[in-house]
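A quick write-up on the structure given underneath.
Every heavy atom of this structure was used, including side-chain atoms; hydrogens, water molecules and symmetry mates were not. Owing to the predicted nature of the structure, the values given are computational and were not obtained by experimental measurement.
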Amino acid sequence: MRQIKRLLALALAALLALSLCSCGGDKAKIRGTLNDFQTACRTLDLNEILDCFDSDVTTPFRSGATFVSSLIGQSPSEMLDAVVPFLFGEDYASSAFLSSITIKPNSIAVADDAATAMCTVSFQYDGEMVELASTIRLVREGSGPDAEWYIEHIRLD
């Protein structure tokens, strides 16, 4: 009977360790996605910015941007000003603030294939440094160690 209790305790400990490792890996990947997004914003690289987002969010924009770009002859970097309100809201009608953006994840909650990152986002806006609380929703695509996390929505409070 004692052996069974020990085996059961060991099995429970192993399950707990695996679940903690899995969550930690997800959180590390989420932090990586947020860091990639921050870097893409700072370098004003539209394609890299869009690569950080869930394809359900960006596919309609990419299709429209490609069409409009071919009509008016604008490069992806020139199209960036049109993307900023789409991603961040109408209050941010210019890409100028992107080059100074800093994203600091404060907490990350993972539930299945979705996550919420509570962050502090800092950036230069109208000549002043602004710091806002932000909620960034992410989704996981794929499974196992090859799974990737993508931004689904950003809300600046």
* **Residue list, side-chain contact (heavy atoms from CB on, under 4.5 Å) with E148, at least two apart or on another chain** =>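 Counting only residues at least two positions away or on another chain, E148 forms a side-chain contact (heavy atoms from CB on, under 4.5 Å) with Y150.
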
* Residue pair W149 / I108, side-chain heavy-atom distance below 4.5 Å ->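 Counting from C-beta outward, W149 and I108 never come under 4.5 Å.
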
* Mind checking whether F37 and I154 have side chains closer than 4.5 Å, heavy atoms only? ->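 Yes - at least one pair of side-chain heavy atoms lies under 4.5 Å apart.
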
Nearest-0.5 Å distance that lies between atom [atom1] in [X] and atom [atom2] in [Y]:
X	Y	atom1	atom2	result
D157	T135	CG	OG1	5.0 Å
Q124	T102	CD	OG1	10.5 Å
D36	I49	CG	CD1	12.0 Å
Y125	L132	OH	CG	10.5 Å
C52	N35	SG	CG	9.5 Å
L138	K29	CG	NZ	13.0 Å

* Asked: Are V130 and I103 co-members of a hydrophobic cluster defined by side-chain heavy atoms under 4.5 Å apart?
  ->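 Same cluster.
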
* **Donor-acceptor contact below 3.5 Å, side chain S134 vs main chain R155** =>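 Yes, because the side chain of S134 sits within donor-acceptor range (under 3.5 Å) of the backbone of R155.
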
* **Check: V139 main-chain N/O paired with E152 side-chain donor or acceptor under 3.5 Å** =>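 Judged by distance alone, no pair lies under 3.5 Å.
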
* Any salt bridge (charged side-chain N to carboxylate O under 4.0 Å, His left out) pairs touching residues 109-132, not counting sequence neighbours? ->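 Found D113-R140.
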
* salt bridge (charged side-chain N to carboxylate O under 4.0 Å, His left out) pairs, two or more places apart, involving residues 38-49 ->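 Every candidate salt bridge (charged side-chain N to carboxylate O under 4.0 Å, His left out) pair involving residues 38-49 fails, so no pair, neighbours aside, qualifies.
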
* To do: Could you pull out the closest heavy-atom pair between P105 and C119, with the gap in Å?
  =>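 Shortest heavy-atom separation between P105 and C119 comes out as CA-SG, 3.8 Å.
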
